[in-house]
Participant: 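I am attaching a structure below and will ask some questions about it afterwards.
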Amino acid sequence: MAEQLQDLEGIEKVGVAGAGYLNLYLNRRNFARRKLFEEKSSLEAEEKKIIVEHTNINPNKAAHVGHLRNACLGDTLVRCLRYKGENVEVQNYIDDTGVQVVDVVYGFLKLEKKSLEELEKIEGKFDYYCWDLYTRVSRYLAENEEAQREKAEVLKRIEHGLSPEADYADYISKKIVRAHLATMKRLSITYDVLPCESSILRLKFWDKAFQMLKERQAIYFSQEGESAGCWVMKLEDEPEREKIIVRSDGTVTYVGKDIAYQLWKFGLLGQDFYYLPFEEENGHRVWISSAEPTGYDVHFGAASKVYNVIDVRQSYLQKVVVQGLKSLGFSEQAARSIHFSYEMVALSPKSVAEINVELTEEEKDKSFLEVSGRKGIGVKADDLLDRLEEKALAEVTSRNPELSQDGRRQIARQIAAAAVRYFMLKYARNSLIVFDFDEALNFEGETGPYLQYTAVRLRSIFKKFAERFGFAPEKIISPEIIENFDLQALTPEESRDFWELLVYAAGLDEEVLRAIATLEFAGLAKFTFNLCQKVNSFYHNYPVLAEKNEPLRNFRLLTLNYVHQVICQALDLMGIQVPEKM
RNA sequence: GCGCCCGUAGCUCAGUUGGAUAGAGCGACUGACUACGAAUCAGUAGGCCGCAGGUUCGAGCCCUGCCGGGCGCACCA
């Protein structure tokens, strides 16, 4: 085997290592030249169009840490796919007519007895206001059967678009969606389109999907048993189980609507929404669906592959959706419907103690607590970001007192966002995160701020280099440095460290492909962290500015410059910005 | 009851389709700022990889059983 591999391109020699191993030796000079100067990304798109759906927060309360995990994972997937060259559309589904919004509408109508005008006058953070109201309503509904009937009536009126309930739902959900988008913007997360459930209902997407499902006999009308009078779907791998799609009163369940939505995503419904601009910033426009013609000639959906970022608890329902596609004969699309599942974020007892909620005796005994909007158990995303910014601001101020107030605030925002994003990515997706403030507020060790700090210091070296030697690193970056530099002249230690650093840094593309294939970003996070550790150690051991030997000095600068580029690229993929100073 | 997930250092977690001596961070302990920024770096200690079988030349990883924890299995979303 060793002999046959002898002629491989870029391979210097092949050695038999024993124990069944072959060692391949790279032609080092060629490898270095290719990595440092020639090779750009060799990745290429494979899909016509990819839809990534993430965030999907019920628009009835503030976003919490669990939602942050979803959005960070989804946005990082989007960034990785785009880096690979894919055409990606980001969707954030808005369940603006669902029971959670109805609860809050009911709360405003019955508990608060507020008119729409009064509602508009509420001061402070509206999403926070609703957070509290939602827990009050939930408690009230649980204790009051008559209220549940009243709420059911409100739900029906909203679904049919009747005033005033539907106006409340529209006002509340839109206002809260704006709050969510503002929260996500703090983390550099944006969307292309916001498809609304209200649009799906009014444009009768479901009716069309229902027709298709009936025609293909993907669902059938149950005559007996518990599901009598319902339209149900049988599960392929669990034939004894059936899932109700249409209730006996003729209304469609959430899964049914989701099947219609999934069909639309693949362009299989033969119908599209209308769209209105919802927000715009830096030339990027976020569109929202509408049930009425709007005059805008824009279209979304019709993808060749779809990722749904939804927590693991919905695995079963996602399976039903995929089965729906399959039963309709769209096996290709079914195979390209990817449920990107991840475990939830729970709270440590210590964190719960900080958020002022009452716990039952049973809850007090647990080692962690599930986030619950109904019970008001959760760390709000904006609260977490505020605390991080406050801490970061204090740190920045003590280190860079000469910077302006605005400048320091800007940096603190970037650091806070980095801390959150890295925190959400560093864990494997099927590992449960037990959220703890002390851990999340840490800026040292394996954290986002550490990565930023590494990049900032590298930049600082480049800046000082330019000041001292009169030219920027870019000026001396040329293949000649490698061609003319005698790699053999390096000490054995530096040679070893240099090659290790270079080969490691060169692995970014491979890491991104792996992340996409496994939908696992913990590896990418780890890769970036390890690279930062290596380069920190490297420049600690091998100074640039103090080096008297000019070729060696330039060679080191070149090395750091390359690694800096890779780190910045990796950080960008994770949605982490690099501050000027910190 | 059935299905899915987790169990690796005191704590939080990695461990690449089974591969060479199981790795990080935090915490603990030692060192390094008159220095390209100490949010850093160098080092020390700390492991029956939940338990028991099995497959394999080789298992933290695959199979079976058990123990412990979590989540699903709505005419809720």
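Atoms considered below: every heavy atom in the structure, side chains included; atoms not considered: hydrogens, waters and symmetry mates. Here is how names work: the chains are called A, B, and so on, in the same order as the sequence lines, proteins then strands, and each is numbered from 1.
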Participant: Do the side-chain N or O atoms of A:Y422 get closer than 4.0 angstrom to the phosphate oxygens (OP1, OP2) of B:rG25?
Facilitator: no
Participant: Counting N and O atoms only, with roles assigned by atom type, does the side chain of A:N541 sit under 3.5 Å from a partner on the main chain of A:S537, one being a donor and the other an acceptor?
Facilitator: yes
Participant: When you check the phosphate oxygens OP1 and OP2 of B:rC5, does a side-chain N or O of A:N430 lie under 4.0 Å from one of them?
Facilitator: no
Participant: Just checking, any donor-acceptor pair under 3.5 angstrom between side chains of A:E242 and A:S222?
Facilitator: no
Participant: At less than 4.0 Å, is any side-chain N or O atom of A:T253 found next to OP1 or OP2 of B:rC75? Yes or no.
Facilitator: no
Participant: Please determine whether a side-chain nitrogen of the Lys or Arg among A:K156 and A:E165 lies less than 4.0 Å from a carboxylate oxygen of the Asp or Glu.
Facilitator: no
Participant: Look at A:S431 and B:rA14 and indicate whether a side-chain polar atom (N or O) is within less than 4.0 Å of OP1 or OP2.
Facilitator: yes
Participant: Could you let me know what B:rG65 is paired to, Watson-Crick or G-U wobble, both distances under 3.5 Å, or none if it's on its own?
Facilitator: B:rC51
Participant: Can you check whether A:Q533 has a side-chain N or O nearer than 4.0 Å to OP1 or OP2 of B:rG25?
Facilitator: yes
Participant: On the nucleotide B:rC26, are OP1 or OP2 found under 4.0 Å from the side-chain N or O atoms that A:N442 carries?
Facilitator: no
Participant: Is the shortest side-chain N/O distance from A:K426 to OP1 or OP2 of B:rA24 below 4.0 Å?
Facilitator: no
Participant: If I pick the C1' atom on B:rU12 and the same atom on B:rA59, what distance separates them, to the nearest angstrom?
Facilitator: 25 Å
Participant: Could you tell me whether the phosphate oxygens of B:rA39, OP1 or OP2, come under 4.0 Å of any side-chain nitrogen or oxygen in A:Y453?
Facilitator: yes
Participant: Consider the side chain of A:A428, meaning its heavy atoms from C-beta on, and name the nucleotide among B:rG72, B:rA14, B:rU16 that approaches it most closely.
Facilitator: B:rA14
Participant: Based on the glycosidic angle (syn within 90° of 0, else anti), state the conformation of B:rC33.
Facilitator: syn
Participant: Taking a pair as Watson-Crick or G-U wobble with both distances under 3.5 Å, which nucleotide is matched to B:rC57?
Facilitator: B:rG19
Participant: Salt-bridge test for A:R313 and A:E343: reply yes if a basic N is under 4.0 Å from a carboxylate O, no otherwise.
Facilitator: no
Participant: Quick check for you: among B:rG37, B:rC75, B:rG72, whose closest atom lies nearest to any side-chain atom of A:C230?
Facilitator: B:rC75
Participant: With hydrogens left out and only the distance checked, is there a donor-acceptor pair under 3.5 Å joining A:S315's side chain and the base of B:rC4?
Facilitator: no
Participant: Answer yes when A:R408 and A:E395 have at least one side-chain N-carboxylate O distance shorter than 4.0 Å, and no when they do not.
Facilitator: no
Participant: Using the side-chain heavy atoms of A:E370, tell me which of these nucleotides is nearest: B:rC71, B:rC73, B:rC41.
Facilitator: B:rC71
Participant: Between B:rG72 and B:rU56, how far apart are the P atoms? Round to whole Å, please.
Facilitator: 40 Å
